[in-house]
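If you're wondering where the values come from, they're calculated on a predicted model, not measured in any experiment. In what follows, every chain begins at residue 1, and chains take the letters A, B, ... in the order their sequences are listed. Scope of the values below: all heavy atoms of this structure, side chains included, with no hydrogens, waters or symmetry mates.
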2 protein chains.
Amino acid sequence: MFSIGELSKRTKVKVPTIRYYEEMGLLVEAERTSGNQRRYDKAGLERLSFIRHARDLGFSIEAIASLIELQDHPDRSCEAATDIAVAQLADVRAKIKRLKLLEKELARISKSCDGQGVSEDCYVLASLADHELCHREH
Amino acid sequence: MFSIGELSKRTKVKVPTIRYYEEMGLLVEAERTSGNQRRYDKAGLERLSFIRHARDLGFSIEAIASLIELQDHPDRSCEAATDIAVAQLADVRAKIKRLKLLEKELARISKSCDGQGVSEDCYVLASLADHELCHREH
DNA sequence: TGTAATGTCTCTAGTGACTAGAGATTCAAG
DNA sequence: CTTGAATCTCTAGTCACTAGAGACATTACA
């Protein structure tokens, strides 16, 4: 049995965030000492590691709640869990696509002032002001 | 001179968002009719277009405020504006990098349940529970 | 000119996923 | 037994909006 601070150290999840997860129902309410402090065991540690890993992968709290729900009721869990992961993957791919377009435009905008040829009016500002200067949609 | 709704239509920025930008100081306070409604002209339209374009490119409100500040004081603006754009570009590239790692892992996790070989325990959940199963850091 | 529909006003509160801080209590070490 | 660190609950703040209530203004049409 260890304290919330210890759990925080082991999982690298900040203390207030752990309490927040408990409030959101991702973690079951922890046992308490006589002095009302939370105490955790291996099960608590594992669940929090699961949550942290999923958060690192960009799953929303809601999606994680669904995954935990599935863990607790393992019938059919594999298909449903895969659905959630696939949706997450699609989301990530969409974000990558969009960011790549932005990268292209930002690279173009940034580069134009890069060399010695400092022009009178700022190309960065002009580019932002006038969408027509973009080479692509976004 | 046109109304906030008209401005919204032309810039595709929602009406409450326009008011929010005004409150945040990105837009100067609009002129008002005798009945207290906001009226805009070409200058207002251009500034809002600028803001929208920058937001689309992921610039924060704060960064946009800096850019606008530079617009209003054009001495040295080009260098400073370029700095902001370059920082934004670095940010976008970092995000892309991270998302690509996530994509790789999510793809691996998602695929494992894909075919006919449905295993007893769910690989998605196991992967999330056990970071050791990851092939890379993230 | 009257009236109805639509637009606009301000204000407050909610979103997601935390983070920060106040003030009180509890724990662990010396 | 005392000190200092950790923990407790609670409220409020972050970012960039979005939603809704209730009141007032404008516009279109008869």
| query | What residues in residues 1-21 of chain A put a non-hydrogen atom under 4.0 Å from any atom of DNA chain D? | reply | A:Ser3, A:Ile4, A:Gly5, A:Arg19
| said: Could you go through B:Ile84 and B:Phe59, starting from their C-alpha distance and side-chain angles, then the distance that decides it, and tell me whether this counts as side-chain contact (heavy atoms from CB on, under 4.5 Å)? | reply: CA-CA 9 Å; B:Ile84 294 173; B:Phe59 288 85; 3.8 Å; yes
| task | Determine yes or no for a side-chain-to-main-chain donor-acceptor pair under 3.5 angstrom, with B:Thr11 supplying the side chain and B:Leu7 the backbone. | result | yes
| Can A:Arg10 be said to sit on top of A:Phe2's aromatic six-ring, NZ or CZ under 6.0 Å from centre and within 45° of the ring axis? | yes
| note | Rounded to the nearest 0.5 Å, the CD1 atom of A:Ile51 sits from the CG atom of A:Leu27 at a distance of 4.0 Å
| Residue pair A:Ile4 / A:Gln37, side-chain heavy-atom distance below 4.5 Å | no
| query | Do A:Met24 and A:Phe50 share a hydrophobic cluster (ILVMFWY, side-chain heavy atoms under 4.5 Å, transitive)? | reply | yes
| Rounded to the nearest 0.5 Å, how far apart are CG of A:Asp91 and OG of A:Ser60? | 9.0 Å
| message | From CD1 of A:Ile51 over to P of C:dA17, roughly how many Å is that when rounded to an integer? | response | 13 Å
| task | Give the intermediate values and the outcome of salt bridge (charged side-chain N to carboxylate O under 4.0 Å, His left out) for residues B:Arg19 and B:Glu22. | result | CA-CA 5 Å; B:Arg19 290 197 276 250; B:Glu22 183 182 305; over 6 Å; no
| task | Go through the steps to decide whether B:Glu103 and A:Arg93 satisfy the test salt bridge (charged side-chain N to carboxylate O under 4.0 Å, His left out), and finish with yes or no. | result | CA-CA 7 Å; B:Glu103 185 196 9; A:Arg93 285 188 170 146; 2.7 Å; yes
| task | Working to the nearest 0.5 Å, report the span between CD of A:Glu62 and CD1 of A:Ile64. | result | 11.0 Å
| note | Ordered by number, residues from residues 26-44 of chain A within less than 4.0 Å of DNA chain D (heavy atoms) are A:Arg32, A:Asn36, A:Gln37, A:Arg38
| task | Would you grab the first and last nucleotide of DNA chain D (5' to 3') that comes under 4.0 Å of any non-hydrogen atom in chain A? | result | D:dT7 to D:dT9
